[in-house]
Chemist: 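Quick one: structure below, then a few questions.
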Amino acid sequence: MAMEEPKARVGINPDFLPFLQGIHDDSIDEDVNLSLAIYLFTAKKVTLARAAELAGKSIADFIQVLINHNIHWAEYTDEHKKQDDETIEFLLREDGMHD
């Protein structure tokens, strides 16, 4: 006998219901899971890969969802730029292209 996965029951604020009319229960579950995955990713509580997994999507599909919602999925920090600049400087010196 297979054990059934435990499911959390969530009450949806009735103010959301007009926006959800005509949507099947499975779709609502998918939308809620996707929304939670997006929240956890943007709050930096999970990685991109984990958020995609939680949403039940491939990483590429999850990235596309983020792009469609104008959510930045990659960070390029000042530290990243500094590392890139140092690497470029090193490579140029190795090739004798920079003093």
Side-chain angles (χ1 to χ4, degrees):
M1 182 183 291
M3 292 193 59
E4 191 173 315
E5 286 186 38
K7 289 194 172 196
R9 296 189 59 77
V10 177
I12 295 177
N13 181 330
D15 292 339
F16 287 116
L17 296 178
F19 302 102
L20 301 174
Q21 289 179 346
I23 298 177
H24 301 290
D25 287 340
D26 288 345
S27 178
I28 293 172
D29 289 346
E30 289 174 21
D31 287 348
V32 169
N33 287 327
L34 178 59
S35 294
L36 286 171
I38 291 170
Y39 163 73
L40 292 171
F41 174 71
T42 59
K44 299 181 183 191
K45 296 182 181 283
V46 297
T47 63
L48 177 68
R50 182 66 175 134
E53 180 183 344
L54 290 169
K57 299 200 173 291
S58 69
I59 293 175
D61 288 344
F62 188 70
I63 288 171
Q64 190 58 54
V65 168
L66 296 174
I67 290 169
N68 292 345
H69 288 88
N70 295 318
I71 297 170
H72 298 283
W73 61 273
E75 287 188 15
Y76 192 75
T77 64
D78 289 338
E79 183 60 27
H80 292 130
K81 182 173 181 341
K82 179 181 174 208
Q83 290 172 354
D84 286 349
D85 289 344
E86 289 171 357
T87 301
I88 291 168
E89 186 72 28
F90 174 78
L91 293 171
L92 289 174
R93 269 187 270 128
E94 262 193 357
D95 287 345
M97 297 179 70
H98 197 269
D99 295 330

Chemist: Please give me the minimum heavy-atom distance between A52 and I59, naming the atom from each residue.
Modeler: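 For A52 versus I59, the nearest heavy atoms are CB-CA, 3.9 Å.
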Chemist: With sequence neighbours excluded, give me every side-chain hydrogen bond (donor to acceptor under 3.5 Å, both in side chains) pair touching residues 60-70.
Modeler: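 Found S58-D61, Q64-N68.
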Chemist: Would you kindly confirm whether L36 and F16 end up in one hydrophobic cluster when ILVMFWY residues are joined by side chain heavy atoms under 4.5 Å apart?
Modeler: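 Yes, because L36 and F16 connect within a single hydrophobic cluster, where side-chain heavy atoms sit under 4.5 Å apart.
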Chemist: What distance separates E89 CD from D84 CG, expressed to the nearest 0.5 Å?
Modeler: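 Result: 13.0 Å between the selected atoms.
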Chemist: Which atom pair, heavy atoms only, marks the closest approach of F41 to W73?
Modeler: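 Smallest interatomic distance, heavy atoms only, reads CZ-O, 3.5 Å.
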Chemist: Same cluster or not: V10 versus I28, using hydrophobic residues (I, L, V, M, F, W, Y) connected whenever any side-chain heavy atoms lie under 4.5 Å apart?
Modeler: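 No, separate clusters.
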Chemist: Among I63, V65, I38, exactly one meets side-chain contact (heavy atoms from CB on, under 4.5 Å) together with I71. Which residue is that?
Modeler: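 Among I63, V65, I38, the one meeting side-chain contact (heavy atoms from CB on, under 4.5 Å) with I71 is I38.
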Chemist: Output yes when D85 and K81 qualify as a salt bridge under the 4.0 Å nitrogen-oxygen rule, no when they do not.
Modeler: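 A salt bridge links D85 with K81.
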Chemist: Of all residues at least two apart in sequence or in a different chain, which pass the side-chain hydrogen bond (donor to acceptor under 3.5 Å, both in side chains) check with K44?
Modeler: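 Once residues adjacent in sequence are excluded, the partners of K44 under the side-chain hydrogen bond (donor to acceptor under 3.5 Å, both in side chains) criterion are E75.
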Chemist: Between CD of Q83 and OG1 of T77, what distance do you get to the nearest 0.5 Å?
Modeler: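 Reported value, rounded in 0.5 Å steps: 7.0 Å.
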Chemist: What are the two closest heavy atoms between Y39 and T42, and how far apart are they?
Modeler: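 Minimum heavy-atom separation between Y39 and T42: O-OG1, 3.1 Å.
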Chemist: Apply side-chain contact (heavy atoms from CB on, under 4.5 Å) to L40 and list each qualifying residue two or more places apart in sequence or on a separate chain.
Modeler: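 Checked L40 against side-chain contact (heavy atoms from CB on, under 4.5 Å); matches are K45, V46, L54.
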